[in-house]
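The figures here come from the full heavy-atom set of this structure, side chains too, leaving out hydrogens, waters and symmetry mates. In what follows, every chain begins at residue 1, and chains take the letters A, B, ... in the order their sequences are listed.
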Amino acid sequence: QKEVEQNSGPLSVPEGAIASLNCTYSDRVSQSFFWYRQYSGKSPELIMSIYSNGDKEDGRFTAQLNKASQYVSLLIRDSQPSDSATYLCAVNGPGDKIIFGKGTRLHILP
Amino acid sequence: DTGVSQDPRHKITKRGQNVTFRCDPISEHNRLYWYRQTLGQGPEFLTYFQNEAQLEKSRLLSDRFSAERPKGSFSTLEIQRTEQGDSAMYLCASSLGGVLSSYNEQFFGPGTRLTVL
């Protein structure tokens, strides 16, 4: 079983709509969860961190965490063409390593 | 700008040559991580340091790879006898960790893209 799983996409969303990105993880003791945005040819950029069950909002982004279901999601409201990128889910794993999923490619349709 | 920096940004080398990459972390961060990323994959953990101590090294990392962080500031990653399979983006990230922070938010540098011919 893979440690962090994401749908690879591409996920196509019309401009102005809500993009919903999902991630599951296998290690029940994980305490820190992250979403990174990565543009093609660039390095990952941290956009959201979440540590407690529930929702965390930052501008157009909302991260959701459900530890019982081992599930993390990212919602992007009012999607813009500049949001087109690969979104990496990451989980703090054993020994404080960050374990990354393969990423979901998001394409915002103008 | 006080973000993570990496040098060089690009490296082209011939198979069998040695290469060395440098990473300068955010100055107040005590942890420094090295990752490797290939096309279509997420970053893959290689090794990490807390201050000058190397706390963990991936079991996938061959003994051709070595990393140092001699004074707890910048770090170097050396690959000896490079192979074509080493071609990848090598990413460095830094964070506050251990007793300084339980959250371990990692911030990445721009990466070094290695091409082995």
Write down the atom of Arg69(B), the atom of Ser73(B), and the distance for their closest heavy-atom approach.
->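 Closest heavy-atom pair between Arg69(B) and Ser73(B): NE-O, 2.8 Å.
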Residue part contacting chain A, namely of Gln106(B), when any heavy atom lies under 4.5 Å =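 When you check distances to chain A, atoms from both the backbone and side chain of Gln106(B) fall under 4.5 Å.
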Using non-hydrogen atoms and a 4.5 Å limit, figure out which bit of Gln37(B) sits close to chain A: side chain, backbone, both or neither.
->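 Only the side chain of Gln37(B) comes within 4.5 Å of chain A.
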Can you say whether the rings of Tyr33(B) and Tyr35(B) are parallel (under 30°), tilted (30 to 60°) or perpendicular (over 60°)?
->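 Geometry flag for Tyr35(B) against Tyr33(B): parallel rings.
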hydrophobic_cluster_shared for Val72(A) and Ile47(A), side chain cutoff 4.5 Å |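 Cluster IDs for Ile47(A) and Val72(A) match.
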If you group Ile, Leu, Val, Met, Phe, Trp and Tyr by side-chain heavy-atom gaps below 4.5 Å, do Phe34(A) and Phe108(B) land in one group?
->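 Yes, Phe34(A) and Phe108(B) fall within the same hydrophobic cluster.
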Contacting region of Gln6(A) [heavy-atom separation from chain B under 4.5 Å] =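 No part of it gets close to chain B.
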Contacts with chain A made by residues 75-95 of chain B (heavy-atom distance under 4.5 Å), listed by residue number |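 When heavy atoms of chain A are the reference, residues 75-95 of chain B contributes Met89(B), Leu91(B) within the under-4.5 Å range.
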Residue by residue, scan residues 14-27 of chain B and write down, ordered by number, those that have a heavy-atom distance under 4.5 Å to chain A; if none do, write 'none'.
->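 Interface residues of residues 14-27 of chain B: none, nothing closer than 4.5 Å to chain A.
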So, Thr47(B) and Gln54(B): side-chain donor and acceptor under 3.5 Å apart, yes or no?
->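 Distance-only check passes for Thr47(B) and Gln54(B).
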Quick one: do the Asn92(A) and Asn104(B) side chains pair a donor with an acceptor below 3.5 Å?
->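 Yes, because at least one side-chain N or O of Asn92(A) sits under 3.5 Å from a partner of the opposite role on Asn104(B).
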Do [X] and [Y] come within less than 4.5 Å of each other through their side chains, counting heavy atoms only?
X	Y	answer
Trp35(A)	Cys89(A)	yes
Pro43(B)	Arg36(B)	no
Arg59(B)	Leu61(B)	no

With ring centroids as reference points, do Phe100(A) and Tyr36(A) lie under 6.0 angstrom apart?
->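 So the answer is yes for these two rings.
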Output the option from Gly41(A), Ser8(A), Ser49(A) having the highest count of non-hydrogen pairs under 4.5 Å with chain B.
->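 Most heavy-atom pairs under 4.5 Å with chain B: Ser49(A).
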Quick one: which of Leu88(A), Ile99(A), Ile98(A), Leu46(A) has the most heavy-atom pairs under 4.5 Å with chain B, could you say?
->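 Of the candidates given, the most pairs with chain B belong to Ile98(A).
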Under the side-chain hydrogen bond (donor to acceptor under 3.5 Å, both in side chains) rule, what do Gln31(A) and Lys67(A) come out as? Steps first, then yes or no, please.
-> CA-CA 9 Å; Gln31(A) 295 295 318; Lys67(A) 290 186 180 180; 3.2 Å; yes
Short N-O contact, Arg77(A) and Glu57(A), less than 4.0 angstrom =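 Between Glu57(A) and Arg77(A) there is a salt bridge, with a charged N closer than 4.0 Å to a carboxylate O.
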